[in-house]
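Notes follow once the structure below has been shown.
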Amino acid sequence: MTGSVVIAGLGPGAEDLVTPEVRAALDVATDIVGYFPYVARVEPREGLTLHGSDNRVEVDRATHALQMAAEGRHVVVVSSGDPGVFAMASAVFEALENHPEYHALDIRVLPGITAMLAAASKLGAPLGHDFAAINLSDNLKPWSLIERRLRLAAQAGFAMAFYNPRSKSRPFQFGQALTILREELGDNVLISFCKDVTKDGQKLLTVPLGEATEDMADMRTVVIVGNADTRRVGPHVYTPRYAPTSSESA
């Protein structure tokens, strides 16, 4: 019996943002694997087994999925957003690299709508020019590397989208990130806080960097920082498509 692994993105939260391709994969799956809150988004049915697990066990979760597929099961590994953006696709291939016996398995990645793109759409078009996506969690990389990337992205004139800006276990790093951004960009560049995007209770807030505080963000918030040319148009925020005349031309 030939099994398979599908690595699927469930989108940012709203059920109507799950792609038809992902829904079709869920419909034929025998097993769903993922972080508890994401597995809970999948409707139980006869013949489907749900395997929820805690955070920070991504490679173990991925290895379990590969093992079940090798036994002939059709496994869907779920992430929120897009599985290739700070999510399970990389973890599955990391596990695969360590287990050559699974290299011949049928493995597919199905894209989803990322949290940063959903947030940007609610704001307007703040990522309309070149941008960088940065995970502010230092669980898998040193904070010194994050600081360097923040400075270089700001100096290069990128708009930026931040994942995992602040948590109970990391309460101070986002304040340090704001300090770095103000040092590099000044106080007037716009920063947007997008909490629970596409879900009930969605909250959007845009302020100049000089008015931003660390308690405006938590783990359910995507933070988007504009470049020197990002501006407001009525209630919307957008970054022009053309090359800026400020930081990038310096």
Would you say the side-chain atoms of Ser4 pair up with the backbone N or O of Asp106, donor to acceptor, closer than 3.5 Å?
no
Tell me if a side-chain donor or acceptor on Ser90 pairs with a main-chain N or O of Phe86 at a distance below 3.5 Å.
no
Going through the checks in order, is the side chain to side chain contact (heavy atoms under 4.5 Å, CB included) test met by Phe131 and Asn227?
CA-CA 9 Å; Phe131 69 90; Asn227 65 22; over 6 Å; no
Any side-chain to backbone donor/acceptor pair from Gln202 onto Thr198? Under 3.5 Å, distance only.
yes
So does Asp27 get a backbone contact from the side chain of Arg45, meaning a donor-acceptor N/O pair under 3.5 Å?
yes
To the nearest 0.5 Å, atom OG of Ser167 lies from atom CG of Asn139 at 7.5 Å
Step through the shown structure and confirm whether more than 12 heavy atoms of other residues, nucleotides or ligands are within 6.0 Å of CD on Glu101.
yes
Going through the distances and angles, do Ile191 and Met216 end up as a side chain to side chain contact (heavy atoms under 4.5 Å, CB included)?
CA-CA 11 Å; Ile191 181 170; Met216 291 179 177; over 6 Å; no
Could you check whether any side-chain N or O of Arg41 sits under 3.5 Å from a backbone N or O of Leu10, counting only pairs where one atom can act as donor and the other as acceptor?
yes
Got a donor-acceptor contact below 3.5 angstrom from the Thr30 side chain to the His74 backbone?
yes
Using atom types as modelled and distance alone, determine if a side-chain donor or acceptor of Arg182 lies under 3.5 Å from a backbone N or O of Leu209.
yes
Side-chain donor-acceptor contact under 3.5 Å, Asn135 with Ser137:
no
Step through the shown structure and confirm whether more than 12 heavy atoms of other residues, nucleotides or ligands are within 6.0 Å of CG on Asp215.
yes
Just by distance, no angles: are the side chains of Asp60 and Thr63 close enough, under 3.5 Å, to form a donor-acceptor pair?
no
Backbone N or O of Gly52 within a donor-acceptor pair of the Arg61 side chain at under 3.5 Å?
no
Are there more than 12 heavy atoms of other residues, nucleotides or ligands under 6.0 Å from atom CG of Asn98?
yes
